[in-house]
Amino acid sequence: MAKTILAVDDSASIRQMVSFTLKSAGYDVVEAVDGQDALDKANIHKVNLVLTDINMPRMDGLKLLESLRKLTHYKTVPILMLTTESGDDMKAKGRAAGATGWLIKPFDPKRLLEVIGKVIG
Amino acid sequence: MVEMQSENNKMDNQIAVESAPVDQDAALCNVEVDEYFMNIKGELGQVDRLVSDAVNNLVINFRYISKLTQSHHDMVLTIEKMAAPEGSKPILELLGKQMIIADKIEQELETAITSLQFGDLVTQLLAHTTRQVEILNMELQRIDRQSNWENGQKTLYTLHEGISKAVEVANAKGKRKPVVQQGMQMGDIELF
């Protein structure tokens with residue numbers, strides 16, 4: 001059974017590119033347009049990994065990360081941050097909030113799949 | 001279409017993301033200055049819409065090309081299986097070359113996916129610049145209003161001082177840049 005990845009980004013083009021890359025590798029993808037949308041969908045779908053942007057309207061990626069970590073099912077689910085933010089302070093915040101990894105945009109499809117494969121097998 | 005509208009609204013969304021610490025007490029009073037800054041904001045929005053529209057279309061095109069390449073790849077494999085090994089060496093060699101071409105196209109498409117992410121970076125930078133312009137507008141409006149209250153003769157020095165102060169405040173209030181990338185090479189990856 002294919003593993004499900006929740007891809008969160010307010011940019012439609014980034015969502016399309018992430019989704020296309022992941023689907024080509026055999027993953028099921030659930031897309032969300034911001035943190036709030038992701039939180040709603042995370043409660044409906046059984047997700048194996050979350051890949052989220054940080055700067056988004058309504059709810060940003062760090063707030064989403066904190067909210068997901070409070071949910072029983074998401075305490076151990078890998079959450080990767082895919083963002084333009086590269087500052088050490090932001091990374092430290094993400095790490096403290098329970099992020100599994102930090103990927104700086106632009107992403108390379110092959111490397112993205114390698115990292116995801118490493119994290120969820 | 002919905003995705004396109006959503007992308008077109010992204011600039012507003014990005015501005016909403018950055019719009020935390022704004023002084024609401026700066027009532028706009030200088031219509032000309034406000035109009036000037038609104039025009040700049042409008043033009044930045046137009047650039048963002050054009051870039052987003054182009055990127056969305058390109059992503060759709062590249063996805064279609066990728067599907068066609070995959071289909072071509074599968075077809076070559078099928079023909080390869082059908083071709084009898086004896087006496088069909090030239091055909092197999094040709095098919096082998098076709099496979100190399102198909103693989104190269106796939107590699108190029110992956111590179112294109114990395115490059116196409118410039119749209120997202122540009123949108124975030126434009127939203128940041130728009131926000132800076134908005135803050136500068138508000139600060140200049142505040143100076144204009146204060147000088148009206150003082151009801152005095154504005155000297156060149158006080159005008160210069162006021163503008164410098166406005167830029168300084170706008171700089172201080174502007175959030176740090178959300179994008180620092182100078183090129184489209186792949187970003188770093190760190191697993192915690």
Side-chain angles (χ1 to χ4, degrees), chain A residues 9-21 23-24 31 33-35 37 53-61 63 78-92 94-116 118-119, chain B residues 2-10 12-19 51-60 62-63 66-67 70 106-107 109-125 127-128 175-181 183-192:
Chain A
D9 205 305
D10 57 333
S11 160
S13 59
I14 293 285
R15 282 200 310 278
Q16 281 190 62
M17 285 185 266
V18 167
S19 186
F20 175 68
T21 302
K23 282 178 182 168
S24 302
E31 292 182 27
V33 298
D34 57 41
D37 187 27
D53 184 20
I54 289 195
N55 296 317
M56 294 181 289
R58 295 211 296 167
M59 183 190 285
D60 67 32
K63 185 87 182 92
I79 302 177
L80 296 173
M81 315 307 283
L82 177 62
T83 175
T84 55
E85 298 280 358
S86 55
D88 288 339
D89 54 332
M90 288 294 272
K91 277 190 197 174
R95 194 176 189 160
T100 309
W102 199 273
L103 289 76
I104 298 170
K105 289 177 184 172
F107 71 87
D108 171 68
K110 210 169 260 173
R111 287 287 289 131
L112 177 67
L113 291 174
E114 278 172 18
V115 170
I116 288 175
K118 205 172 182 179
V119 173
Chain B
V2 175
E3 272 193 348
M4 208 97 103
Q5 282 168 346
S6 153
E7 189 66 19
N8 287 344
N9 289 335
K10 194 184 170 194
D12 297 331
N13 291 337
Q14 283 290 339
I15 290 165
V17 171
E18 292 197 6
S19 65
V51 170
S52 298
D53 200 10
V55 169
N56 272 335
N57 289 338
L58 282 169
V59 171
I60 291 166
F62 277 108
R63 281 175 61 175
S66 180
K67 274 184 187 169
Q70 187 60 50
E106 269 179 44
Q107 281 169 20
L109 286 170
E110 279 176 8
T111 309
I113 284 181
T114 306
S115 302
L116 278 173
Q117 292 165 61
F118 83 91
D120 179 54
L121 272 63
V122 167
T123 292
Q124 290 195 50
L125 279 173
H128 179 73
K175 286 175 72 180
R176 63 193 169 69
K177 271 171 84 173
V179 177
V180 292
Q181 286 84 338
M184 288 308 294
Q185 65 273 22
M186 187 191 89
D188 290 340
I189 294 173
E190 193 178 335
L191 287 179
F192 300 138

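Just so it is clear: chains get the letters A, B, ... in the order the sequence lines come, proteins before strands, and each one is counted from 1. These numbers come from a predicted model, not from an experiment.
Counting only distance, with no hydrogens or angles, the side chain of B:Q117 and the backbone of A:I14 share no donor-acceptor pair below 3.5 Å.
Between B:L191 and A:V119 the shortest heavy-atom distance is CD2-CG2, 4.0 Å. When every heavy atom of A:P109 is checked against every heavy atom of B:E110, the shortest pair comes out as CD-O, 3.6 Å. Nearest heavy atoms, A:F20 versus B:I113: CD2-CD1, 3.7 Å. For B:D120 against A:S11, the heavy-atom pair with the smallest separation is OD1-CB, 3.5 Å.
Neither the backbone nor the side chain of A:S24 comes within contact range of chain B; no heavy atom of the residue lies under 4.5 Å from a heavy atom of that chain. Heavy atoms of A:M81 lying under 4.5 Å from chain B are absent altogether. Contact of A:K91 with chain B is made through backbone and side chain together, with heavy-atom distances under 4.5 Å. Looking at A:L82, neither its backbone nor its side chain comes within 4.5 Å of chain B, counting heavy atoms on both sides.
Atoms CD1 and CD, on A:I54 and B:Q124 in that order, are 10.0 Å from each other to the nearest 0.5 Å. Atom CZ of residue B:R63 and atom CE of residue A:M17 lie 10.5 Å apart, to the nearest 0.5 angstrom. Here the CZ atom belonging to B:F62 is positioned 13.0 Å from the OG atom belonging to A:S13, to the nearest 0.5 angstrom. Atoms CD1 and CZ, from A:I79 and B:F192 in turn, are 12.0 Å apart once rounded to the nearest 0.5 Å.
Each of B:T111, B:T114, B:I189 was checked for a side chain to side chain contact (heavy atoms under 4.5 Å, CB included) with A:D108, and the lone residue meeting it is B:T114.
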Exercise for review: Verify side-chain contact (heavy atoms from CB on, under 4.5 Å) between A:L103 and B:D188, making sure each step is shown before the conclusion.
Suggested key: CA-CA 6 Å; A:L103 289 76; B:D188 290 340; over 6 Å; no

